[in-house]
Amino acid sequence: MGQIEKLLIIQTAFPGDLILTLPLAQVLKKEFPSAQIDFVVIPNTAELLANNPAISEVIVYDKRGKDSGFSGLMRKVKLLRANKYDIAFIPHRSFRSAILAWLSKIPVRIGFDKSKAKLFYSQKIHYNSKIHEIERNISLLAAIKINNVPKEQPRLYPSFHDKKKVESVLSEIGVGHLNTLVGIAPGSVWATKRWLEERYAELIEKLTGKGFHILLLGGSEDFELCKRINNAVPSK
C-alpha cells in the first residue's frame with residue numbers, strides 16, 4: 001500500500017455507536033499523524049466530534065432528512081469522490097454505508113464480514129461478537145497490517161462553555177469531587193436494549209449508599225424515563 005494521505009470513517013448510527021468508533025480514529029491519528037481523517041455522521045451526532053484533534057472534517061449525512069433518497073445519496077457521493085480518499089473504514093454494518101463508500105470510488109473499503117453489503121467492501125474483517133465494540137472497531141485496522149493495538153478509550157473534547165455549564169450543574173447539586181460522580185444513561189432508541197427501570201433504581205440505591213452522586217443522563221426524549229427511575233429509588 002502506498003502513502004496514505006486521506007482516510008474516511010463512515011459511522012451514521014446513533015451517538016453511542018459513534019463514541020465507540022472514536023478510538024479507531026485516535027489510533028489512526030497515532031499511526032498516520034499527517035493524514036487527513038474525516039468522518040461521515042448523522043446530524044444529531046456531529047457535535048460529539050467538535051474540537052477533536054484527530055479529526056479533520058465532519059461530513060454530515062442527513063439520511064432521513066434533506067439527504068434522503070437516491071438524490072441525497074448521490075450528493076454525498078459527489079462530495080466524497082472529490083475528496084479522493086485512500087481508505088474508508090465502515091464499522092456501521094448497513095447497506096447504505098457500504099454503497100456510499102463504493103459509489104464514491106474509494107479504492108480500499110474496509111468493513112465487517114457480517115455487513116449486509118459486504119460485497120461492496122474491498123477487504124472484510126471477521127466480526128468477533130465476543131469482544132468489546134471498541135476492540136471490534138479497532139480490529140478493522142488488521143486490514144492494513146495494524147495489529148495488537150493497546151487499549152484505547154474514546155475521548156471527547158467539550159468546549160470551554162460546555163465545561164463551565166457542567167461545573168455550574170455540579171456546584172448546584174453539591175458535587176465537589178468528580179471521583180464520587182457516576183453518570184447513568186438509561187435510554188436507548190431500541191426499547192429491547194434497555195435495562196429494566198427497577199434494576200437501575202436498585203443500582204442507584206447501592207451506589208448512593210456508598211457515597212456516590214448519580215446523574216441520570218439523556219436527551220429530551222429520555223426525561224420521563226429518567227424521572228421514573230429517580231422516583232423509584234427508595235432513598236431519593
Is a side-chain N or O of Ser139 found less than 3.5 angstrom from the main chain of Arg136, in a donor-acceptor match? yes
Provide the full list of salt bridge (Lys or Arg N to Asp or Glu O under 4.0 Å) pairs with a residue in residues 108-122, sequence neighbours left out, each pair given once. none
Compute the centroid of each ring, for Phe112 and then for Tyr121, and state whether the two points are separated by less than 6.0 Å. no
Check for a donor-acceptor pair, side chain of Asp86 on one end and backbone N or O of Lys6 on the other, with a separation under 3.5 Å. yes
So, does His132 use its side chain to make a donor-acceptor pair with the main chain of Ile134 at under 3.5 Å? yes
From Lys63 NZ over to Leu100 CG, what is the distance, rounded to the nearest 0.5 angstrom? 10.5 Å
Got a donor-acceptor contact below 3.5 angstrom from the Gln26 side chain to the Arg155 backbone? yes
Can a donor-acceptor pair be found, under 3.5 Å and without considering hydrogens, that links the side chain of Arg93 to the backbone of Gly111? no
Only counting residues at least two apart or in another chain, list the ones meeting side chain to side chain contact (heavy atoms under 4.5 Å, CB included) with Leu217. Ala185, Leu215
Measure from the side-chain N and O atoms of Asn83 to the backbone N and O of Tyr85, and report whether any donor-acceptor pair falls under 3.5 Å. no
Quick test of your reading of the model: are Arg194 and Glu197 salt-bridged, counting only N-O distances below 4.0 Å? no
Are any side-chain N or O atoms of Ser168 and backbone N or O atoms of Lys164, one a donor and one an acceptor, separated by less than 3.5 Å? no
Return the CG to CZ distance between Leu18 and Phe39, rounded to the nearest 0.5 Å. 5.5 Å
